[in-house]
Amino acid sequence: MDSIEVIKQGYFQECEELLLAMEEGLIAMDSGEADAETINAVFRAVHSIKGGGGAFGLTQLVGFAHGFETVLDNIRSGSLSPDPDCVKILLRAGDVLADYVNAARGGRALAGDYAADVVDGLAALAGGGAEEEELQEDPFTNMGFTPVTLDIDEPQADTRSGGWRIWFKPSGRLYAKANEPLLILRELASLGPTEVTSDISQIPPLDAFDPDDSHVGWTIVLNADVPRERVEEAFEFVHDDCELDIQPITAAVPEPLPFDEIPSSPPAATTPTVSAAVELSAKSDAAAAPGAPSPADAPKQTIRVDLDKVDRLVNLVGELVITQAMLSQSVSESGLARTSTVGNGLAELEHLLRELQEGVMAIRTQPVKSVFQRMPRLVRELSAQTQKQVHLVLEGETTEVDKTVIEKLGEPLTHMIRNAVDHGLEAPDDRVAAGKPAEGTVKLSAEHRGGRIVIEVSDDGRGINRTRVREKAVEKGLIPASAVLSDEELDNLIFKPGFSTAGQVSNISGRGVGMDVVRRSIMDLGGRIVISSNPGSGSRFSLTLPLTLAVLDGMVVAVGEQTFVLPLTHIVESLKPREQDIQPFGRDRTLLKVRDTYVPLVNVGALLGVAGADADPWCGVVILVESEGCGRLALAVDQILGQRQVVIKSFETNYRNIEGIAAATILGDGRVALILDVDGIVSRCRRQVGESNVQEIAATGTGP
Amino acid sequence: MGKTILTVDDSRTMRNMLMLALTGAGHTVVQADDGQHGVEVLAQHPDVEVIITDINMPRMDGYAFIEAVRREPGTRTTPILVLTTESEPAKKQRARDAGATGWIVKPFDTEKLVAAVRRVAP
Amino acid sequence: MSEMHNTINEARQQFITFLSDDQEYGANIMAIREIRGWTETTPLPHAPAYVRGVINLRGVVLPVIDLKARLGRELTATNPKHVIIVVDDGSRTFGVLVDAVSDILTARAGEIQQTPDLARDAQSDFVEGIVVMEQRMVTLLSMKMLALSFAGPAEAEAA
């Protein structure tokens, strides 16, 4: 790729950032929270996108951006006030601009009348400023080029002459702007032979001499056959800060040419009225800007790094942690006291490594904001398409998630929000009839909880219609007609493939295959999704995702011939059960009496098919854990081997996701141990019990 | 002969384009991403011979930046070129009133850019 | 036309050959990462019998497949002399348990014969062709197909 292409790619990346900033600002304007700096920021974003677009010849984009920018400029200068209708058009303009950027990025062109209504809307808003534009044109054409109009009358005399006679006397202002007459004279000299005479007659006596003012003028005779424009070009930057007169030297003078006196002060008369408005507002900008740079504006230094390099670093640090753990183990086994120099050194090493690990992991993480930021636009479109009023609340946008996870979150979240608006929320009239506000609320939030990331999509709509779900499930043969399911189980039926309760296939949510695909995507990420619903009040989807590479504090346990690790975050306590505390429950389940409550008991060895596992839970140890979806659980294992920090190793890339197993780790002896996933164990249990229930029913035709 | 040029623009794309064009012509480029940053960079680089600056920037815009440069004795006579667009003649005038030496119209033509630099710095 | 045909036939590929249950198999050398001695695996819950479990390869956790079992015969009774061939098929890195590694051979594309299509058996899915070398018959296996043994139902469907 050549340099221009590289810069162009960089431009599109920059556009992404600018579009985000623009949208943020517009949203602030929409909720009435925008100040002058916000409006400025929106203007600058559009201005920069337009600027770059011009450099790469993206005419469609530039054309649209120009209209948009003009309106924003008017708002920023105070000549247009951003009332709600105006902001609505601006929001749409923002969306259209994004469309143009994307089209340009993909090398496509949009229809000539694309978003014509938005273009018209912008033009109407800019209408008030049209006069200003015209006024601004005038001083431009009057800036010292009046001789041009004469040229038309006397073509031969001006363009083909024997040379030029130039009178040039700079004013003090010319020097103040760091212009250098010498350079101009040299430039003229480069056009052809010149004779320069200086006029020092105007130099005042010493006591009246102002060093900042200019008193010297020059007459330059340029004996070169060059067009007038070329001569004028040399004075391009200075023509209003000097006396300038350019006359052709001709062999024969057909008529005496009027000697135009160009006033030594520029025609500033026309400018003040126009620039006054600009000046006033700009002054307030200038006053605001240097005086109060908000901390958020301070540009953060960033560098771009290949993801490969980061991955290698992350792996290396993981190895370090394992080695340190092995070292600690060896040292403690060798009997060295914890308080010895070696022991202290090791403790310090462990501490430093933890910090290193956190730091390295933080490199790979990004705020979920980048995914969340697409949602407002989506909701705007959905709201328009479904004729429903929707208010989107975003929370926890700064929650950091591993980069690879973020990339894959977009689609499932989009789908869930679509569902929430399309199926969850009722039409405004229905809502009012139900005593709810006409505007529905959809909330998207993210937070760290217990070593995992929890993302929730909730709405205050109609909730899940369990009767219909049940009907549909029976219809599709997913459950037998006589099955008795809890509310929670009914709700989770919607994750079954092919399930859809939509009466008609809605254009927005597609064929209702959404939810099972969503769940699979989340599971592929090593996460879980759970739904809870309240008929009439709304629904909530909770996604839990693991932090991809992490160090886990775990309890190492033996089950049969194998060693497993249980995340400490889920563990409540461990205890030795007595035979009399164990109660069978129904056909396949067992309960454990813990003080005054009964808790489901899971024989881990049996559940996971581990060779050599104890069949009788009271021979071993029970670990009480807390799960996401179903409260407490008792896990029966053979013995507890210890507690240590382990490095999580994913095997999903090379294998696949296993229900009940979160990941693997490498123990001090180099062997692989599997890390249990408590929530996965719960669902695995349920599935097995459920399946055996179904089989039982199918076989005997009766319930359990 | 190559000059040391400071480019001040909040758009990364524009900075890259200027860098490409100017270094291609044999100049050395120092960058800043807004007026405030530009002031800081100038303080650290007394060897800057020409300044090219945009007008619309966060924190400190082009006008304020030019005025700041002109106030500072060391840079009072450093040539400053502003990047302007065709449709903003009032802004160009304002930049010049603030002390800009000359201007470059966006989107810029590399030749014109290089010529403008030559015109203000020997 | 025939010239081009010849050139394609002339293209040479290298294969590693290995023994499993007294038959000789081969795999394209580009997919082979390294050869390791047998180490005990950590079993995976409810995995098919031919998936022996996972091992630790310098910090990476790899699943190991028992070739003999996968091709329809019984599980290998492992001893330290057995070998794990570490394979990378582009999407997965995994280990294949074989009896021994024998050779590296070079074959021209023209020398690879299609398998006689009599009946489909347990190994048909994995066989890419047969090469005859010095009177030995080597059955070429597709590592990609082998890798799919690990795939979940969704991926297997998509493939």
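Source: prediction; values computed, not measured. These numbers come from the heavy atoms of this one structure, side chains and all, not from hydrogens, waters or symmetry mates. Below, chain A is the first sequence line, B the second, and so on; all start at residue 1.
The closest side-chain heavy-atom distance from B:Lys91 to A:Asp73 is below 4.5 Å. At least one side-chain heavy atom of B:Asn56 sits under 4.5 Å from a side-chain heavy atom of A:Arg76.
Rounded to the nearest 0.5 angstrom, A:Glu14 CD and B:Arg15 CZ are separated by 7.0 Å. Distance check: B:Ser11 OG to A:Lys50 NZ gives 13.0 Å after rounding to the nearest 0.5 Å.
Closest approach of B:Asn16 and A:Ile7 over heavy atoms only: O-CD1, 3.5 Å. Heavy-atom minimum distance, B:Trp103 versus A:Phe237: N-CE2, 3.2 Å.
No part of B:Leu83 comes within reach of chain A, as not one of its non-hydrogen atoms sits under 4.5 angstrom from that chain. Of the two parts of A:Ala45, neither the backbone nor the side chain holds a non-hydrogen atom closer than 4.5 Å to a non-hydrogen atom of chain B. Heavy atoms of B:Asp10 lying under 4.5 Å from chain A belong to its backbone as well as its side chain. When heavy atoms are compared at a cutoff of 4.5 Å, A:Ala55 approaches chain B by way of both its backbone and its side chain. No part of A:Glu180 comes within reach of chain B, as not one of its non-hydrogen atoms sits under 4.5 angstrom from that chain. If you measure heavy-atom distances from A:Phe12 to chain B, you find no contacts under 4.5 Å at all. A:Val62 does not touch chain B: none of its heavy atoms, backbone or side chain, sits under 4.5 Å away. Proximity to chain A (any heavy atom under 4.5 Å) is restricted, for B:Ala121, to the backbone atoms N, CA, C and O.
Counted within 6.0 Å of CZ on A:Arg105, heavy atoms from surrounding residues, nucleotides or ligands total more than 12; the atom is thus considered enclosed. B:Gln44 CD: more than 12 foreign heavy atoms inside a 6.0 Å radius.
Between A:Glu233 and B:Arg119 there is a salt bridge, since at least one side-chain N of the basic residue sits less than 4.0 Å from a carboxylate O of the acidic one. Residues A:Arg44 and B:Asp34 are not paired through a salt bridge, judged by the lack of any N-O separation under 4.0 Å between the basic side chain and the carboxylate.
Residues that satisfy the side-chain contact (heavy atoms from CB on, under 4.5 Å) test with B:Ala21, not counting sequence neighbours, are B:Phe108, B:Thr110, B:Leu113. In this structure A:Leu19 satisfies the side-chain contact (heavy atoms from CB on, under 4.5 Å) test together with A:Met22, A:Ile49, A:Leu97, A:Ala98, A:Val101, sequence neighbours excluded. Scored by the side-chain hydrogen bond (donor to acceptor under 3.5 Å, both in side chains) test, A:Thr38 finds A:Asp35 as partners (sequence neighbours excluded).
Most heavy-atom pairs under 4.5 Å with chain A, from the set B:Leu81, B:Thr13, B:Asp9: that is B:Thr13. No other option in B:Pro107, B:Ala115, B:Ala116 has as many heavy-atom pairs under 4.5 Å with chain A as B:Pro107.
Taking non-hydrogen atoms and a 4.5 Å limit, the residue list of residues 71-79 of chain B in contact with chain A, ordered by number, reads B:Arg76, B:Thr77, B:Thr78, B:Pro79.
Judged by distance alone, the side chain of A:Lys177 and the main-chain N or O of B:Arg96 form a donor-acceptor pair under 3.5 Å.
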